[in-house]
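What you are looking at is a predicted structure, and each value in this text was computed from that prediction instead of being measured.
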Amino acid sequence: MRKTVREDVRVVAGREVPFTHPHKLLYPEQGITKARLADHYERVWPRMAPLLKDRPLTIKRYPRGLGQGGFYQRRVQEWFPDWVRSTELPMKDDPSQVVREVVADHPATLVFLVNIGALEIHASLARAQAPDLADMMIFDLDPPGDFTDEVRRVAVEFRDMLEDLGLPVYVKTTGSRGFHVTVPLKPRLSFDVTRRLARALGERMIARDPDNLTLMPRKDVRKGRILIDIWRNAYAQTAVAPWSTRARAGATVATPLSWDEMTQGIHPRAWTIANIGERLALPDPWADFFDRALDLRSWARSAPDDLAAIVGQNVQAG
DNA sequence: GTTGTAG
DNA sequence: CTACAACAACGCACC
DNA sequence: GGTGCG
Ligand SMILES: [Mn+2]
Ligand SMILES: [Mn+2]
């Protein structure tokens, strides 16, 4: 096949992106092509961009399509276009070593990632400028098997508890088996602190429902209970980004929800690349996500003692 | 999807 | 020149 | 140091 520049390039908001095999089936069962996936990211970009701003990304690639084996990638390669923005993260053990990761500041970046077969986009819970200061806290609810409605009820219970404690709480589908209950934070505290706080809050949930919930990740210890996965709250770790597709049949989408939708009942795979357009006509339930970011130190002044102790407080001078 | 190397 | 293999994460808990 | 886990 003769190569012409025009056929291997896609223009995205004025930027020329290398884009090969647009009709390649990335989701063969549903007939979803690379071009269709790129359409998705161009379409959700206005809502996705503020949630990706300044965040190091990890992608999950399936260059030969879903079902042909995938792998995570976080390092920017030499052959990435030079307009793809990136940032260096020191490694936790041995900060003299760094990992250069993509930061998406333009829809063309996501289209480029689609071109190399990225079916999932995962984002840090901190911004590049302060990679150890969490600006959100995620409770990732992972059922033992496939989704059951118990997971949804637990998420709603979580919201009730967190709201009673005065925390802002958002939720998204993961496009897989559960939900991400998410608290926006001012970037002031390290992941060591937010993870300990998440653990303490998880323990409060377990006290309400010990038969169905656990914080123990080992499968042989969980025994049918829903895992409250707090391990996304860690340095240089990521969670599937809002509006990302998943490497699952149907090209499900991790979708920001309103709590009304959660209360009324919803499946974590309800939203897909095929029906997500319906949501984009409706108000964005996460539109004020960062506006409501919480300063945990201020919050701690009126929080229960055990929780305040984890956050640490500025002591009033006497 | 891209690169390096063997044939 | 073509073919094919190699490569493409990391952090935390626990034994 | 290796394993389990996401
Ligand atoms: Mn999960
Ligand atoms: Mn998880």
Side-chain angles (χ1 to χ4, degrees), chain A residues 1 3 8-10 17-26 33-34 37-38 55-66 68-82 84 86-95 97-102 111-126 131-132 134 138-145 174-180 190-196 198-199 202 214-223 225-241 244 246-248 254 268:
Chain A
M1 184 183 283
K3 261 197 174 173
D8 285 6
V9 165
R10 177 166 170 139
V17 185
F19 201 78
T20 54
H21 314 296
H23 304 301
K24 183 187 191 75
L25 292 174
L26 290 183
T33 63
K34 192 191 270 190
L37 192 57
R55 282 172 212 286
L57 303 182
T58 297
I59 58 178
K60 195 170 186 193
R61 292 177 58 194
Y62 290 76
R64 294 183 301 169
L66 182 60
Q68 294 292 304
F71 53 92
Y72 286 93
Q73 180 163 350
R74 52 173 49 195
R75 289 167 187 265
V76 168
Q77 301 297 300
E78 200 57 45
W79 45 268
F80 283 20
D82 52 17
V84 171
S86 60
T87 186
E88 280 186 348
L89 289 188
M91 295 190 73
K92 187 70 171 184
D93 55 5
D94 191 0
Q97 295 193 61
V98 294
V99 177
R100 179 162 286 282
E101 302 186 6
V102 171
V111 171
F112 168 72
L113 296 177
V114 167
N115 184 54
I116 63 174
L119 300 191
E120 302 191 350
I121 295 169
H122 299 246
S124 169
L125 282 62
D132 198 36
I138 293 181
F139 301 89
D140 171 22
L141 302 180
D142 289 337
T174 63
S176 181
R177 296 199 277 257
F179 302 96
H180 283 174
S190 72
F191 284 106
D192 286 350
V193 174
T194 60
R195 188 171 60 254
R196 271 187 279 151
R199 171 174 286 281
T214 181
L215 278 160
M216 292 181 281
R218 284 193 58 119
K219 287 177 172 173
D220 53 12
V221 198
R222 281 192 228 165
K223 293 203 289 195
R225 292 173 293 187
I226 296 166
L227 173 66
I228 303 168
D229 176 6
I230 59 170
W231 305 106
R232 304 306 89 213
N233 303 287
Y235 176 80
Q237 293 306 103
T238 60
V240 66
S244 173
R246 301 308 303 269
R248 291 191 61 115

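Bracketed by its first and final contacts, the part of DNA chain D lying under 4.0 Å from non-hydrogen atoms of chain A reaches from D:dG4 to D:dG6 in 5' to 3' order. Taking the 5' to 3' direction, DNA chain C first and last meets chain A under 4.0 angstrom from a heavy atom at C:dA8 to C:dA13.
In terms of the side-chain contact (heavy atoms from CB on, under 4.5 Å) criterion, residue partners of A:A126 (sequence neighbours excluded) are, by chain and number, A:S124, A:F191. Take A:R248 and apply the side chain to side chain donor-acceptor pair (under 3.5 Å) test, not counting sequence neighbours, and it matches A:S176. For the side chain to side chain donor-acceptor pair (under 3.5 Å) test, no residue two or more places apart in sequence or in another chain qualifies with A:D93. Shown here are the side chain to side chain donor-acceptor pair (under 3.5 Å) partners of A:N115, two or more places apart in sequence or in another chain: A:T20, A:K34. By the ring pair (Phe, Tyr, Trp, His ring centres under 6.0 Å) test, A:F80 pairs with A:F112, sequence neighbours left out. Applying the side chain to side chain donor-acceptor pair (under 3.5 Å) rule to A:R222 yields no partners; only residues at least two apart in sequence or on another chain are considered. Residues satisfying the side-chain contact (heavy atoms from CB on, under 4.5 Å) criterion with A:A236, sequence neighbours excluded, are A:R74, A:L89. Residues meeting the ring pair (Phe, Tyr, Trp, His ring centres under 6.0 Å) test with A:Y72, sequence neighbours left out: A:H122.
Residue A:P63 is in base contact, counting any heavy-atom pair closer than 4.0 Å across all strands shown. Note on A:K60: nothing from the nucleic acid sits closer than 4.0 angstrom, heavy atoms only. Among the atoms of the strands shown, only primed sugar atoms or phosphate atoms (P, OP1, OP2) are found under 4.0 Å from some heavy atom of A:R222. Within 4.0 Å of A:R61, counting heavy atoms only, lies at least one base atom of the nucleic acid.
Side chains of A:F19 and A:V114 form a contact here, defined as non-hydrogen atoms less than 4.5 Å apart.
For the C1' atoms, the distance linking C:dA8 with B:dT3 amounts to 11 Å, nearest Å. C:dA9 and D:dG4 have their C1' atoms separated by 16 Å, given to the nearest Å.
Residues from residues 231-239 of chain A that place a heavy atom under 4.0 Å from any atom of DNA chain D, listed by number: A:R232, A:Q237. For the contact set between residues 118-125 of chain A and DNA chain C, defined by any heavy atom under 4.0 Å, there are no members.
With a cut-off of 3.5 Å on both Watson-Crick or G-U wobble distances, the partner of C:dA9 is given as none.
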